[in-house]
Protein chains: 4
Amino acid sequence: MADESDAHGGTVSPARGRKAGRDPADRRRAILDAALVVFAERGFAGARMQDVATRAGVAKGTLYLYFKAKEALFEGLVREAIDPVLGRMEREFAEFTGSTRQFLSVLFAHLANEAVRSPRRHVIRLLLGEGERFPELADFYYREVVSRGLGLLRAINARALERGEISSDAGLRFPQLLVAPLLVATAWEGLFQRNETLDVAGMLEAHAEIVLRGLGWRDS
Amino acid sequence: MADESDAHGGTVSPARGRKAGRDPADRRRAILDAALVVFAERGFAGARMQDVATRAGVAKGTLYLYFKAKEALFEGLVREAIDPVLGRMEREFAEFTGSTRQFLSVLFAHLANEAVRSPRRHVIRLLLGEGERFPELADFYYREVVSRGLGLLRAINARALERGEISSDAGLRFPQLLVAPLLVATAWEGLFQRNETLDVAGMLEAHAEIVLRGLGWRDS
Amino acid sequence: MADESDAHGGTVSPARGRKAGRDPADRRRAILDAALVVFAERGFAGARMQDVATRAGVAKGTLYLYFKAKEALFEGLVREAIDPVLGRMEREFAEFTGSTRQFLSVLFAHLANEAVRSPRRHVIRLLLGEGERFPELADFYYREVVSRGLGLLRAINARALERGEISSDAGLRFPQLLVAPLLVATAWEGLFQRNETLDVAGMLEAHAEIVLRGLGWRDS
Amino acid sequence: MADESDAHGGTVSPARGRKAGRDPADRRRAILDAALVVFAERGFAGARMQDVATRAGVAKGTLYLYFKAKEALFEGLVREAIDPVLGRMEREFAEFTGSTRQFLSVLFAHLANEAVRSPRRHVIRLLLGEGERFPELADFYYREVVSRGLGLLRAINARALERGEISSDAGLRFPQLLVAPLLVATAWEGLFQRNETLDVAGMLEAHAEIVLRGLGWRDS
DNA sequence: TATGAATGAGGTTTCATTCAT
DNA sequence: CATGAATGAAACCTCATTCAT
């Protein structure tokens, strides 16, 4: 949704994308969207408040009406970037009646969207780069996203074991293994796209295949 | 947090017990080591040359005798951080007579060391965070590390297929899947260690297990 | 030595009794005035932006709102120092009905003012000292001041010849000779004033006398 | 004599010109020659000791064996740049038996050489630009060059008056008028050469003509 | 004596933040 | 509420000077 063109340009162009409606909530949204792009482009220290303002279509001073400081903006960015997708998957999982194989397909498709195509993919890279300086932010992310996500993955594994779909508990012990390729995809897009394109969908399909078989999948 | 100087082990420089040796090569090394830590802590833009100098035990101006500018220092950092480990593994693989399963164990052990314990692990995080702003650096890393690494992984898969150890070519098509957990480990150490420790060795073991089985492993 | 602020006389800015007026144009003027003094005192490289700022009564950063860089400030200084005096003389000459002798008197009086008493006299010294490093600036000055000035001098000589007031065309061929003493006066004020005062007005009078007679003056 | 090519280049080329023989006096000379060029190119503050050293063919530290500091080098430069030409002219004048007209020809020829072609011409420009910051240097120059030169010019005028060659004492009162065109020539060469070439010899000839006639010259 | 690596004060410039309008 | 001109701390980098060799 948010405009992401000219991501590599020098100076920020006079704000295309959403132009900050009069509604305070709109403004806040516009600022956060702009901030995501700008922080992603240049990192925390390298990002300029002026660029955020320009891209959000507001004046520099206005930023400070919504966020006390650059740091607060960065934190707000990460905090409000978490997406309902996780909650949706949790609910979907609770109601899902098909096979684990099927559910994994759906899950990976959603996560791939989130981690590779959505502008929120940058949040991961930002955290990777800046997380050490913002421990509470890392904590927050762990609490709100990571631990919940791993919880969901564990639940999936547990149910699959219970149902006899798989035989290994490796996925229960290391749910990270299920989503590791997503991190690779995110990193690859940002860094090596130009050198070699990566077929993300194909990779995730292959991954699902390997993992299920590797966990002892057997059609019930 | 933990201080990481003397990261490169080896013998202590002969002259002047402490203080980064008088030999120019030693100085260069000391500067790069310091830079790695400082850049890792604060990112490229956030790092201060003064901090690098102080940590390296030299004056600010001295940095510029070894590196023309901050950017050159960052680049030098990444360029000289690549380690002989990859070349060693390539040679070892050529001579290795045991099973693929055994070789993967060795490989993962080495890579885990490199990606999780060596101070060079920060290089990966730095690239993830800053790489987009240093395209030639990303190119360099792709050329010297990524493409070679993936080449090795493909060779491993090819030989395993040839020998009939595995039956799936998924690892040949997406060698990234074999090392994806390493990226997770690196990221986890930097961000979520405090919230939940990750048993990297255990995870890699489980990963090897899953992957081999997932690729159709059969003892020959 | 002598303080030269308020060099431009005129009316005091209406708002805020002192302190360089709040009007952007006033600020610009104050900065340029300050820069003239500071650059004149220490040369381009020796001048400190902080000193310019302090003398202009603004913060260091403010300078950069008006001029992109030190160099731009220096250029602005020279460009905006050219004075309407030349245009005025051109017009006056076109309408002047008296003798060339009379007109030269007027001209020298004006130029002496400009080159010896006005703070803009420093511009000449600055150009002399730094001009070689700022070729476009020298070009600009040649175009806007020198060539026009020489043109006026040639016109004066041509008319005098035409009218039979003088008989030599030396002034037509080398109009520089007419203003050479002004350069001497400017240099003298800056350098040797303390050692020996120079009676500029007297010198110019003597110069006019010599030149006219030297060009074959005859009262018509 | 001293090499003056590449006067406008960026970095100083590895010292052509005289290459600093082993004799200390030679070295000193080489350093001063180099300093003249470098200071002339960039002004006092802008000149780099490293550039002087490189051009003189010595190491940076060596400069400090001959001159205590940059400032001392600059002063030495000006002090030792004064040339025997003035003394020679004084002696020649004392012995000269020809007409004042003839002597002026000789004098102007010599001075033109000194002020336009010799590398020492830069000294004048340097003093103009930096003199205000080095009052003792200006004093020195006044004492050693200016006052002596003006003295000679006055003597010339006095003798011409005495002999009845001229009738005006204007040259006696303002001897500066006799050499003003030399300053113009020096300035012109440095600044406007590219825009319009100046025939220095022709101008000086015209100047002599005008001045003599203007002072009431009559062949005796 | 000559060298040039090392030093660190000091300069230019940027940019987060404030505040009068 | 919104603005953007002004501020000044802080960063990068240069270069005069020193001193061990």
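By convention in this document, chain letters (A, B, ...) are assigned in the order of the sequence lines, proteins followed by strands, and residues within each chain are numbered from 1.
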Quick one: on DNA chain F, does B/Gly61 or C/Thr62 contact a more 5' nucleotide (nearest heavy atom)?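 Whichever sits nearer the 5' end wins; that is C/Thr62.
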
Hey, which of these two, B/Ala59 or A/Ala45, hits DNA chain E nearer its 5' end, going by closest nucleotide? B/Ala59

Could you check how far CZ of D/Arg28 sits from C1' of E/dT1, rounded to whole Å? 16 Å

From CZ of A/Arg48 over to P of E/dT13, roughly how many Å is that when rounded to an integer? 16 Å

Among residues 63-78 of chain C, which contact DNA chain F at a heavy-atom distance under 4.0 Å? C/Leu65, C/Tyr66

Report, one line per pair, each donor and acceptor closer than 3.5 Å where one atom sits in a side chain of residues 64-74 of chain B; sequence neighbours left out.
from    : atom 1 : to      : atom 2 : distance (Å)
B/Lys70 : NZ     : B/Phe44 : O      : 2.9
B/Lys70 : NZ     : B/Ala45 : O      : 3.3
B/Lys70 : NZ     : B/Ala47 : O      : 2.9

Output all residues satisfying salt bridge (Lys or Arg N to Asp or Glu O under 4.0 Å) with C/Glu75, sequence neighbours left out; order by chain, then residue number.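 Partners of C/Glu75 by the salt bridge (Lys or Arg N to Asp or Glu O under 4.0 Å) criterion come out as none, since no residue qualifies.
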
Among all residues two or more places apart in sequence or in another chain, which pass the salt bridge (Lys or Arg N to Asp or Glu O under 4.0 Å) test with A/Arg79?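 In terms of salt bridge (Lys or Arg N to Asp or Glu O under 4.0 Å), with neighbours along the sequence ignored, A/Arg79 is linked to no residue.
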
Ignoring backbone atoms, test whether D/Arg27 places a side-chain nitrogen or oxygen under 4.0 Å from the OP1 or OP2 oxygen of E/dA2. yes

Among residues at least two apart in sequence or on other chains, which ones pass side-chain hydrogen bond (donor to acceptor under 3.5 Å, both in side chains) with A/Arg28?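 Here the qualifying residues are A/Glu80.
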
Checking all strands, does C/Ala47 fall into the base, sugar-phosphate, or nothing category for heavy-atom contacts under 4.0 angstrom? sugar-phosphate

I'd like to check C/Val58 versus C/Val52 (side-chain heavy atoms, cut-off strictly below 4.5 Å). Are they in contact?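 With C-beta onward as the side chain, the pair stays apart.
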
Any non-hydrogen side-chain atom of A/Arg125 less than 4.5 Å from a side-chain atom of B/Glu132? yes

Return the stems involving DNA chain F, sorted by first number, where pairs are Watson-Crick (N1-N3 with N6-O4 or O6-N4) or G-U wobble (N1-O2 and O6-N3), both under 3.5 Å, and runs are 3 or more long. E:2-21 with F:2-21

Within the modelled atom types, does a donor on one side and an acceptor on the other bring the side chain of D/Lys60 and the base of F/dT17 under 3.5 Å apart? yes

